[in-house]
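Since the structure comes first, as structure tokens, the remarks are kept for the end.
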Amino acid sequence: MGAITFIKSNKLQSIVDKNPIVRFARSKSPWMFSFGLACCAIEMITAGTSRFDAMERFGMLARASPRQSDVMIVAGWVTSKMAPRVKRLYNQMPEPKYVIAMGECSICGGPWFDSYHVVDGVDKVIPVDVYIPGCPPRPEALLDGIIKLRKMIRNGETNYDKKMRGELNE
Amino acid sequence: MSEILSSLTEKFPDSITNTKVQRKTRIWVTVKIDVLIDVCEYLKNKQDFNHLSSVVGVDYKDRFEVVYHLWSYSKKRQLSLKVPLEKENPKVKTVTKIWRSANWHERETAELFGITFEEHPYPKHLLLADDFEGYPLRKDFKLVEKPWFDKNDASEKQKTD
Amino acid sequence: MMPLRKFEYEEIGEGRLVINLGPQHPSTHGVLRLIAELDGERVKKVLPIIGYLHRGFEKIAENRNYPMIVPLTDRLDYLSAMSNNMVYCQAIEELMNIKISERTEYIRVIVLELQRIASHLASVGFFGNDVGVTFTAMMYTFRERELIINLFETLSGARLTYNYIRIGGLREDLPKGFENNVLQSIDIIEKKVDEYEEFFSENEIFRRRTQGIGVLKLKDAINLGATGPVLRGSGLKSDVRVTDPYTIYDRFDWDIITEKKGDCFARYNIWINEIRQSISIVRQALNGLPKGEINVKIPRVIKPEPGEVYSKIESPRGELAMNVISDGTPKPYRLKIRSPAFCNLSLLPTISEEGLIADLIATLGSIDPVFGEVDR
């Protein structure tokens, strides 16, 4: 009985989360779920090709399925027709999960701020860890965002860690 | 150029209301709604206008208008047909049986303006979400700028800094 | 949860399977939802559902002044941003009867043809992804595309959305040494294109995946409104640069590439050969580049007379056109964009019937839709 209640509680999970070796290991190979929607997706793809090569060198493998990935990069504007699907895909990712919002359109709606069909900012749908400004941001800027995310994972400052500590006000 | 116009006015004497020739290869013709299908069939079969470029809907103050832009590959000229519709319940027959490319263009015009295209094979929403209400491109649908920060917050911050 | 559309419930036959290639999928070129009814592995019916990227461009444009719309048009077909700028500025210049200078015309032609080379290189790379050459084709062709993007960065400062062609002229004149850089870059690209053609066309697997797949007959192509490489791949020799000439394309000497078979291999061949023709046009234009001013004097507030105009250009994907109606105010009354990818995508159900499901993906890659333009 006691063993079952111990496993059901979050204690084991929080011990694992605070371990610096576990945090170091998680930060070294975050697998990416590329949710490329629009123009920023082209810069995200270019960041993985031969000139910049910014993805695989830093451990970011592109996976097609949300169930096998850690980081979701939202690149492009989110419309109100697509917003329920974004939420559904985010729910399909296993914990611990992180989100990067790339480009002006996913931060605040961008040039389409007064449109009737665009959700201004993807953080109205899912919680975001790193914002990368630019229209579109250069591949070097995307690389800078990825490195900041890795540092945040190692220090325990992401939204997932805040949720585990109970600090995230939903 | 003028031979197309003269043959059109010969065949349909009362229904051509307004014509204009722009540059040397563009004609604009206004047509009444009751002869639209006959004019389109005449233009496609006899005058060889076999490419429908686009179908445009416009919302004026007193009427709606649907414009069909046609192009002829053999004669290399363009003819634009304007059809004025009434403001209350705008309806027009579909030209999908003549040019199959009108299918998606008419679906888009119908959902954005509220114009009904009769006998269309698949009249469902194309671009908008299925539960969208209203007709966005009409002039009485206003775009609302959503507030992304509270203006009072910024001014208070400036006072304390 | 969006329910499936009605046709599945009414008409599903015996032993048929309905699958959903959802909006997020690694092999569609963006956000496209395909509902396919299969019999084993044969596709019987396909229903494309679009609109996941619709932002109401035409309504937003009615709320902005005429010069404010120029950077917004960059984001329509984001793989060939210069073409979108060009069709809009051409429409406004025709409305206002502005005559632009000779040097601007030549520079615009050079920039448009370089953009065509970059876009076709990207198309070949993405087509290779769909056919099975995953990421290898992209690594090669994107390396050459970077040469052209470097040139554009010296012109305008940006890598993807240039905002270079403006109403009445250009943003600024060519920097020092631009002509030599262009000539060096296109010499490199010319040699590499021969290498890529050998890499793809001599490959047995690529040929068997693309020859005879997705055949489009000429009668269907004209009736369904296809333009660009899709139409020329089925046999009709028609190009907006020749049939409805704009700027100074009639001064240069080049061929229109057509193929007869109408399958995916024919469309891919058109991309490769059009790169060569564009290289020849750029060389001829650089030879005859005159000196002079690039911007003409236009009024401070752009307020065209009431009227309408329909201006067309040949973008890398087909016939791109804009219908602008003005009523004398600084904002347009109606702006309609006729995008080639929208019309080309509407013939996907016709040409993928009775094919395998892997051929559906290859056909979609050879039509090459860009969803910023399809959904607007």
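If you're wondering where the values come from, they're calculated on a predicted model, not measured in any experiment.
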Just by distance, do the side chain of Thr49(A) and the backbone of Met139(C) share a donor-acceptor pair under 3.5 Å?
no

Which atom names give the shortest non-hydrogen contact between Gly56(C) and Ser115(A), and what distance separates them?
N-OG, 4.5 Å

Intermediate values then yes/no, side-chain contact (heavy atoms from CB on, under 4.5 Å), Tyr52(C) and Leu37(A):
CA-CA 9 Å; Tyr52(C) 292 98; Leu37(A) 294 161; over 6 Å; no

Let's go through Leu160(C) and Cys39(A) carefully: what are the C-alpha distance in whole Å and the side-chain angles of both, what is the deciding distance for side-chain contact (heavy atoms from CB on, under 4.5 Å) to 0.1 Å, and is it a yes or a no?
CA-CA 8 Å; Leu160(C) 201 71; Cys39(A) 351; 3.9 Å; yes

Between Trp77(A) and Arg55(C) (side chain of the first, backbone of the second, donor and acceptor by atom type, cut-off under 3.5 Å), is there such a pair?
no

Is Ile42(A) in contact with chain C via its backbone, its side chain, both, or neither, using a 4.5 Å heavy-atom distance?
side chain

Under 4.5 Å from any heavy atom of chain C - which part of Ser34(A):
backbone

Let's go through Arg75(C) and Cys105(A) carefully: what are the C-alpha distance in whole Å and the side-chain angles of both, what is the deciding distance for side-chain contact (heavy atoms from CB on, under 4.5 Å) to 0.1 Å, and is it a yes or a no?
CA-CA 11 Å; Arg75(C) 283 130 178 107; Cys105(A) 295; over 6 Å; no

Under a 4.0 Å N-O cut-off, is there an ion pair linking Arg64(C) with Asp114(A)?
yes

As an exercise: rank Arg159(C), Lys59(C), Arg143(C) by heavy-atom pairs under 4.5 Å with chain A and give me the winner.
Arg159(C)

Does any backbone or side-chain atom of Pro84(A) lie under 4.5 Å from a heavy atom of chain C? Answer side chain, backbone, both or neither.
neither

Derivation of the side-chain contact (heavy atoms from CB on, under 4.5 Å) call for Phe52(A) and Glu146(C)
CA-CA 10 Å; Phe52(A) 298 100; Glu146(C) 288 289 326; 4.0 Å; yes

Where on Leu53(C) is there a heavy atom nearer than 4.5 Å to chain A: the side chain, the backbone, both, or neither?
both

Hey, what's the ring geometry for His117(A) with His54(C), parallel, tilted or perpendicular (30° and 60° as the breaks)?
perpendicular

Where on Ala38(A) is there a heavy atom nearer than 4.5 Å to chain C: the side chain, the backbone, both, or neither?
both

Decide if atom OH of Tyr140(C) counts as having more than 12 heavy atoms of other residues, nucleotides or ligands within a radius under 6.0 Å.
no

